[in-house]
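Okay, so here's the structure we're looking at.
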Amino acid sequence: MAIDFSKHIASVQDFPNKGIVFRDITPILQDGELFRAATHELAEYAKSRNADVIVGPEARGFIVGCPVAAELGIGFVPARKPHKLPREVERASYDLEYGSNSLEMHMDAIKPGQRVVVCDDLLATAGTLRASKELIENLGGKLVGAAFYVELPDLKGREKLPDVDIYSLVKYHGA
């Protein structure tokens with residue numbers, strides 16, 4: 001029987017003046033059965049894309065992506081915020097509703113030709129997904145898909161990356 005994950009996601013006004021509602025996945029993470037089920041669904045998606053490695057953008061992407069990679073027995077690569085990784089890094093910038101930032105990966109994190117799936121908690125404006133895609137491609141990998149717990153279609157993240165196959169457990173329309 002399929003789980004309706006939307007029943008376990010809390011809503012909180014995040015940027016009330018802009019009408020943005022934050023979707024909190026903490027209730028899923030706190031329940032072992034729900035967390036395993038969500039992880040399994042994302043892992044099945046990544047498996048269908050023949051992923052060689054999972055990339056998770058900081059910080060919820062670590063929580064979402066690591067167990068997916070572990071279930072599949074493949075590697076996990078963190079995409080970190082600036083200045084948190086030792087050694088030489090590749091950097092990609094992105095814009096969000098409230099400003100800009102960047103993500104970094106080690107120069108040897110992705111091997112040429114590797115098939116990569118990005119896993120994260122939320123697809124909104126696609127800023128971190130675009131930056132992750134840029135990093136993956138600059139390092140010689142191929143982004144073959146992206147998997148999310150929550151998607152906010154009204155913020156048009158999917159439309160900003162029409163060449164990326166996207167899977168989400170739950171889609172919320174409207175504020």
Side-chain angles (χ1 to χ4, degrees), residues 14 22-26 28-29 35-36 38-152 155-169:
D14 196 17
F22 176 68
R23 305 297 178 165
D24 183 18
I25 66 169
T26 302
I28 293 174
L29 302 176
F35 190 28
R36 275 190 298 281
T39 296
H40 182 71
E41 284 202 32
L42 297 187
E44 286 298 312
Y45 168 77
K47 183 178 177 182
S48 77
R49 305 301 298 163
N50 298 312
D52 298 313
V53 68
I54 301 294
V55 164
E58 191 170 336
R60 292 277 181 132
F62 298 2
I63 297 165
V64 173
C66 280
V68 170
E71 181 171 323
L72 295 174
I74 62 177
F76 174 80
V77 174
R80 300 293 311 262
K81 297 281 173 67
H83 314 294
K84 293 187 177 182
L85 292 172
R87 304 191 330 249
E88 190 176 358
V89 297
E90 179 75 20
R91 177 179 287 170
S93 298
Y94 62 94
D95 293 317
L96 294 171
E97 307 81 34
Y98 47 82
S100 61
N101 208 331
S102 59
L103 291 175
E104 298 178 344
M105 281 188 212
H106 283 126
M107 295 296 288
D108 61 354
I110 304 292
K111 311 244 180 323
Q114 278 191 310
R115 298 173 57 85
V116 182
V117 168
V118 171
C119 289
D120 206 351
D121 68 323
L122 176 68
L123 175 60
T125 61
T128 56
L129 179 55
R130 281 192 312 235
S132 296
K133 181 179 189 288
E134 182 180 332
L135 288 169
I136 291 161
E137 291 173 350
N138 287 351
L139 295 173
K142 177 172 177 48
L143 180 63
V144 296
F148 300 90
Y149 275 34
V150 175
E151 181 177 348
L152 304 177
L155 295 179
K156 304 185 183 333
R158 187 180 289 257
E159 294 174 21
K160 294 173 184 170
L161 291 163
D163 60 328
V164 177
D165 189 82
I166 296 174
Y167 173 79
S168 53
L169 296 176

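Given the structure is predicted, the values throughout are model-derived calculations rather than measurements.
Arg91 meets the salt bridge (charged side-chain N to carboxylate O under 4.0 Å, His left out) test with Glu104; sequence neighbours excluded. Residues passing the side chain to side chain donor-acceptor pair (under 3.5 Å) test with Arg115: none are found, sequence neighbours excluded. Partners of Arg130 under the salt bridge (charged side-chain N to carboxylate O under 4.0 Å, His left out) rule, at least two apart in sequence or in another chain, do not exist in this structure.
Contact detail for Pro57 and Thr128: the closest heavy-atom pair is CB-CB, 4.3 Å. Residues Ile28 and Ala38 come closest through the heavy atom pair CG2-CB, 4.2 Å. The nearest pair of heavy atoms linking Cys119 to Val68 is SG-CG1, 4.2 Å. For the pair Leu129 and Ala146, the tightest heavy-atom approach, listed with the atom from each and the gap, is CD1-CB, 3.8 Å. Closest heavy-atom contact between Val144 and Arg49: O-NE, 2.6 Å. Here the shortest heavy-atom pairing between Ser132 and Ala79 reads OG-CB, 4.4 Å.
Ring planes of Phe76 and Phe62: perpendicular class, angle over 60° (limits at 30 and 60°).
Around the NZ atom of Lys47, the shell of radius 6.0 Å holds no more than 12 heavy atoms that belong to other residues, nucleotides or ligands.
Listed for the His106 side chain is no donor-acceptor partner under 3.5 Å among the backbone atoms of Pro78.
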Residue pair Ile110, Val55: steps toward the side-chain contact (heavy atoms from CB on, under 4.5 Å) verdict | CA-CA 9 Å; Ile110 304 292; Val55 164; 4.0 Å; yes

Full working for side-chain contact (heavy atoms from CB on, under 4.5 Å) between Arg87 and Asp108 = CA-CA 10 Å; Arg87 304 191 330 249; Asp108 61 354; 3.0 Å; yes

Could you go step by step and tell me if Leu42 and Ile54 meet the side-chain contact (heavy atoms from CB on, under 4.5 Å) rule?
-> CA-CA 11 Å; Leu42 297 187; Ile54 301 294; over 6 Å; no

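Within the 4.5 Å cutoff, no side-chain heavy atoms of Ser48 are placed close to those of Tyr167. Looking at heavy atoms from C-beta onward, Val164 lies out of side-chain contact with Val118 at the 4.5 angstrom threshold.
Between the CG atom in Asn101 and the NZ atom in Lys81 there is a gap of 5.0 Å [rounded to 0.5 Å]. Between atom OH of residue Tyr149 and atom CD1 of residue Ile63 there is a gap of 9.0 Å, rounded to the nearest 0.5 Å. Within the model, atoms CD of Glu88 and CE of Met107 stand 4.5 Å from one another, a figure rounded to the nearest 0.5 Å. Note that the CG atom of Leu72 and the CG atom of Asn50 stand 11.0 Å from one another [nearest 0.5 Å]. Note that CG of Leu143 is 12.5 Å distant from CD of Gln114, once rounded to the nearest 0.5 Å. Taking CG of Leu155 as the reference point, atom CG of Leu123 lies at 9.0 Å (rounded to 0.5 Å).
Ion pairing between Lys111 and Asp52 fails under the 4.0 Å rule for side-chain N and carboxylate O.
Using a 3.5 Å distance cut-off with no hydrogens or angles, the side chains of Tyr94 and Glu134 do not pair a donor with an acceptor.
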